[in-house]
Engineer: 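Would you mind keeping the following structure in view while I ask a few things?
As the structure lists them, so they are numbered: ligands from 1, and atoms in each ligand from 1.
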Amino acid sequence: MVTMETLVSLCKRRGFVFQSSEIYGGTGSCWDYGPLGVELKNKIKRVWWRDFVQQRADMVGLDASILMHPTVWKASGHVDHFTDPMVDCLECRHRFRADQLDEMPWVHFCPATKGNKFTIPAEETCPHCHERRTLCPDCGKGELTPPRQFNLMFKTFMGPVEEDAAVTYLRPETAQGIFVNFENVLQSMRRKLPFGIGQIGKAFRNEITPGNFIFRTREFEQMEIEYFVNPHDTVEGRPADEHWHDRWIEDCLAWFRRYGVQAENLRLHEHERAELAHYSKRTADLQYRFPIGWSELMGIANRTDFDLKQHAKWSGKALTYFDEERKEHVVPFVIEPSAGVDRALLAFLADAYREEEVRGEKRVVLRFHPELAPVSVAVLPLLKKRDDIVRTAHAIRDELSRHFTAVYDDTAAIGRLYRRQDEVGTPYCVTVDVQTVGDTDRGEAADGKVTIRDRDSMEQIRVEASQLVAVFGELIGGKSWAEVSARVGRS
Ligand code: ATP
């Protein structure tokens with residue numbers, strides 16, 4: 001399993017993710033996506049939107065604003081309940097989430113060994129004095145304060161006056177933008193239950209202990225769905241909300257598998273009753289085996305009718321659906337698959353990372369799914385001294401870039417260029433050589449063919465340059481290299 005340090009270093013070196021405001025010393029837990037990172041992130045969002053919103057007849061999309069009416073957060077329970085228990089060290093002043101203290105390694109000055117300093121793994125006792133951690137896990141000396149509840153919402157002021165009446169919040173989840181628009185979408189789009197609303201957007205949480213690279217940050221992006229079902233319906237003999245909850249769990253799992261995440265790195269975690277949020281009937285997390293261990297990748301919750309009822313109560317508007325068959329108004333139940341874009345990106349990145357041995361040399365390769373790879377095709381001239389080769393390579397890149405993410409690179413010899421593309425996960429390289437353009441001095445005619453190299457098998461085939469758009473359309477669209485190369489390579 002790749003370490004987080006290796007990923008962080010690769011991400012910086014190859015333009016995926018940079019520390020935010022790095023020249024000023026960085027901003028705690030904020031990261032910027034570089035040229036390759038933004039392509040990867042956009043592609044993740046694009047396939048998610050296509051697969052879950054555009055291709056499904058029972059889904060529509062929404063893009064609500066980040067700043068909302070402050071009462072939204074009272075109604076949703078965030079003002080009162082969106083808190084984490086926080087403790088402070090009286091000595092070093094570090095802050096911790098009380099519920100995460102036992103999940104971290106701790107510093108211990110052991111009385112049984114004349115006060116020697118040890119770092120003891122999480123949840124373990126000292127092997128010498130057998131004590132458990134009671135003091136600050138970081139400095140090993142300070143007492144910790146009793147836990148206090150800390151609200152994770154970022155407060156801000158709407159308008160030019162900083163007064164209490166103008167207080168509002170940066171949204172801590174995109175979901176509420178969907179609930180408050182339920183009636184608008186229902187009426188304008190004439191939907192029948194069950195149907196869902198999908199949204200992708202930024203969310204903000206003033207996390208007490210952000211960290212682990214882009215896993216937990218204070219500003220992040222979510223891809224959320226609120227799927228509304230009629231609680232009086234049954235499907236295959238079961239309550240509709242329970243049926244759809246299971247379906248969404250399966251669909252989300254299948255989605256990550258479809259884009260290449262290995263089955264052994266994914267698992268489901270059912271929340272125990274005590275772990276459930278105040279609104280939830282059942283929540284299942286999809287966990288990924290991150291370099292930091294198994295952790296939540298996304299959550300799929302049955303939020304019941306909690307949110308719509310709360311907003312109806314606080315706004316005074318009826319947020320109901322008229323069931324034509326039963327001639328009654330119902331408040332729909334909601335299934336919420338909620339994924340973090342940044343966590344998904346980290347999972348795709350960690351999962352794609354391989355170190356391989358090729359002819360006695362190490363190669364680092366990111367085996368991204370072709371639809372997610374930041375660069376789909378790299379066009380490389382075999383000789384950069386030859387104008388006609390360079391011109392042809394540029395022309396091919398220009399043509400390909402109308403359909404795919406394509407780059408041109410001539411800054412090294414071909415072997416090196418291939419390795420560099422492997423390291424950022426480019427699934428295909430196209431090489432333009434002397435045969436492609438011909439050699440008039442030697443009387444050799446141009447054959448108009450180029451070499452395509454496959455990242456994973458490192459096999460190469462020669463194809464007509466004019467066929468490239470069609471060939472990559474098939475390869476990036478889901479056909480296997482074996483199938484396409486066997487057919488195209490033969491012709
Ligand atoms: P955690 O237990 O890790 O704090 P959560 O259960 O509070 O997460 P949800 O409220 O269910 O998270 O949010 C849905 C998804 O949004 C998470 O599964 C995760 O992918 C993403 N997410 C939540 N908080 C953060 C964060 N601080 N940084 C990055 N992604 C986040």
Side-chain angles (χ1 to χ4, degrees), residues 4 17 20 27-33 37 41 44-45 48 52 73 76-78 81-86 96-100 103-104 150-154 169-179 198-226 245 248-249 252-253 255-256 261 266-272 274-280 282-290 292-303 306-307 334-350:
M4 201 66 111
V17 183
S20 163
T27 326
S29 94
C30 294
W31 300 90
D32 295 343
Y33 288 88
K41 197 177 183 207
I44 292 170
K45 291 191 280 184
W48 184 92
F52 286 131
W73 307 110
S76 66
H78 282 83
H81 299 294
F82 198 58
T83 54
D84 276 336
M86 178 176 74
F96 307 91
R97 252 173 76 173
D99 56 335
Q100 288 179 348
E103 293 164 22
M104 46 176 69
F150 173 77
N151 196 296
L152 300 186
M153 283 198 294
F154 277 97
Y169 305 92
L170 300 187
R171 67 180 177 199
E173 61 177 26
T174 64
Q176 300 302 325
I178 299 182
F179 295 127
Q199 173 165 229
I200 300 179
K202 290 258 177 163
F204 303 82
R205 295 182 188 180
N206 202 1
E207 300 275 2
I208 299 168
T209 43
N212 291 318
F213 194 31
I214 52 173
F215 179 83
R216 187 180 303 286
T217 52
R218 295 194 168 112
E219 171 180 345
F220 56 99
E221 228 170 334
Q222 291 186 311
M223 309 185 277
E224 292 199 299
I225 291 167
E226 305 303 329
H245 197 175
W248 276 107
I249 293 170
C252 291
L253 200 61
W255 189 80
F256 280 101
V261 176
L266 283 172
R267 73 177 188 196
L268 268 186
H269 164 76
E270 287 283 345
H271 283 217
E272 304 278 333
E275 220 185 322
L276 284 179
H278 58 282
Y279 51 74
S280 175
R282 175 191 168 205
T283 297
D285 289 343
L286 200 52
Q287 294 187 332
Y288 179 75
R289 200 203 311 243
F290 286 100
I292 51 169
W294 286 102
S295 310
E296 176 177 334
L297 172 58
M298 68 173 298
I300 304 136
N302 183 343
R303 289 179 83 125
F306 174 83
D307 302 271
V334 180
I335 306 301
E336 178 192 73
S338 169
V341 179
D342 314 78
R343 271 193 208 175
L345 188 145
L346 186 59
F348 283 122
L349 194 67

Engineer: I'd like to know whether Glu224 forms a side chain to side chain donor-acceptor pair (under 3.5 Å) with Thr174, so could you lay out the CA-CA distance, the side-chain angles of the two residues, the decisive distance to 0.1 Å, and finally the verdict.
Structural biologist: CA-CA 7 Å; Glu224 292 199 299; Thr174 64; 2.5 Å; yes

Engineer: Identify each donor-acceptor pair in which a side-chain atom of residues 204-215 lies under 3.5 Å from a protein atom, sequence neighbours left out, and give them as a table.
Structural biologist:
{"residue": "Arg205", "atom": "NE", "partner": "Pro172", "partner atom": "O", "Å": "2.9"}
{"residue": "Arg205", "atom": "NH2", "partner": "Pro172", "partner atom": "O", "Å": "3.1"}
{"residue": "Asn206", "atom": "OD1", "partner": "Arg218", "partner atom": "NE", "Å": "3.3"}
{"residue": "Thr209", "atom": "OG1", "partner": "Gln100", "partner atom": "OE1", "Å": "3.1"}

Engineer: So, does His78 use its side chain to make a donor-acceptor pair with the main chain of Asn151 at under 3.5 Å?
Structural biologist: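 Not a single qualifying donor-acceptor pair exists.
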
Engineer: Please confirm whether the backbone N or O of Ser76 pairs with a side-chain atom of Asp307, one donor and one acceptor, at under 3.5 Å?
Structural biologist: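 No, Asp307 side chain to Ser76 backbone: no donor-acceptor pair under 3.5 Å.
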
Engineer: Using heavy atoms and a threshold below 4.0 Å, how should the contact between Leu297 and ligand 1 be classified: side chain, backbone, both, or neither?
Structural biologist: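 Leu297 to ligand 1: backbone contact only, side chain stays beyond 4.0 Å.
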
Engineer: Provide, to 0.1 Å, the distance between atom 14 (C) of ligand 1 and the closest protein heavy atom, together with that atom's residue and name.
Structural biologist: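 Atom 14 (C) of ligand 1 sits closest to the protein heavy atom Ser338 OG, 3.0 Å.
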
Engineer: Heavy atoms only: give me the nearest Glu226-Phe179 pair and the separation to one decimal.
Structural biologist: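 Closest heavy-atom pair between Glu226 and Phe179: OE1-CZ, 3.2 Å.
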
Engineer: Output yes when the distance from some N or O of ligand 1 to some N or O of Arg343 is under 3.5 Å, and no in every other case.
Structural biologist: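 Right, the criterion is met.
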
Engineer: Starting from atom 30 (N) of ligand 1, which protein heavy atom do you reach first, and at what distance in Å?
Structural biologist: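 For atom 30 (N) of ligand 1, the nearest protein heavy atom is Phe220 CD1, 3.5 Å.
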
Engineer: Which protein heavy atom lies closest to atom 10 (O) of ligand 1, and at what distance to 0.1 Å?
Structural biologist: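 Its nearest protein heavy-atom neighbour is Arg205 NH2, 3.0 Å.
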
Engineer: Which atoms from ligand 1 have a heavy atom of Glu207 less than 4.0 Å away?
Structural biologist: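 Matching atoms, with element in brackets: 24 (N), 26 (C), 27 (N).
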
Engineer: To which protein heavy atom is atom 21 (C) of ligand 1 closest, and what is the distance rounded to 0.1 Å?
Structural biologist: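 For this ligand atom, the closest protein heavy atom is Gly340 CA, 3.7 Å.
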
Engineer: Kindly identify the option in Arg218, Gln222, Glu296, Arg216 whose heavy atom sits closest to atom 17 (C) of ligand 1.
Structural biologist: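 Considering heavy atoms of Arg218, Gln222, Glu296, Arg216, the nearest to atom 17 (C) of ligand 1 sits in Glu296.
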
Engineer: Identify, for atom 29 (C) of ligand 1, the protein heavy atom at the shortest distance, and state residue, atom and that distance.
Structural biologist: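 That would be Phe215 O, 3.2 Å.
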
Engineer: Does the side chain of Phe290 come within less than 4.5 Å of Leu297's, by heavy atoms?
Structural biologist: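 A side-chain contact under 4.5 Å exists here.
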
Engineer: Number the atoms of ligand 1 from 1 as they appear, then name those within less than 4.0 Å of a heavy atom of Met298, with their elements.
Structural biologist: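 Counting atoms of ligand 1 from 1, those under 4.0 Å from Met298 are 18 (O).
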
Engineer: Of all the heavy-atom pairs spanning Cys252 and Ile300, show the shortest one and how long it is.
Structural biologist: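 For Cys252 versus Ile300, the nearest heavy atoms are CB-CD1, 4.1 Å.
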
Engineer: Who gets closest to atom 28 (N) of ligand 1 by heavy atom: Ile214, Asp84, Thr217, Leu152?
Structural biologist: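 Among Ile214, Asp84, Thr217, Leu152, the closest heavy atom to atom 28 (N) of ligand 1 comes from Thr217.
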
Engineer: By side chain to side chain donor-acceptor pair (under 3.5 Å), which residues pair with Ser29, not counting sequence neighbours?
Structural biologist: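 Ser29 satisfies side chain to side chain donor-acceptor pair (under 3.5 Å) with no other residue.
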
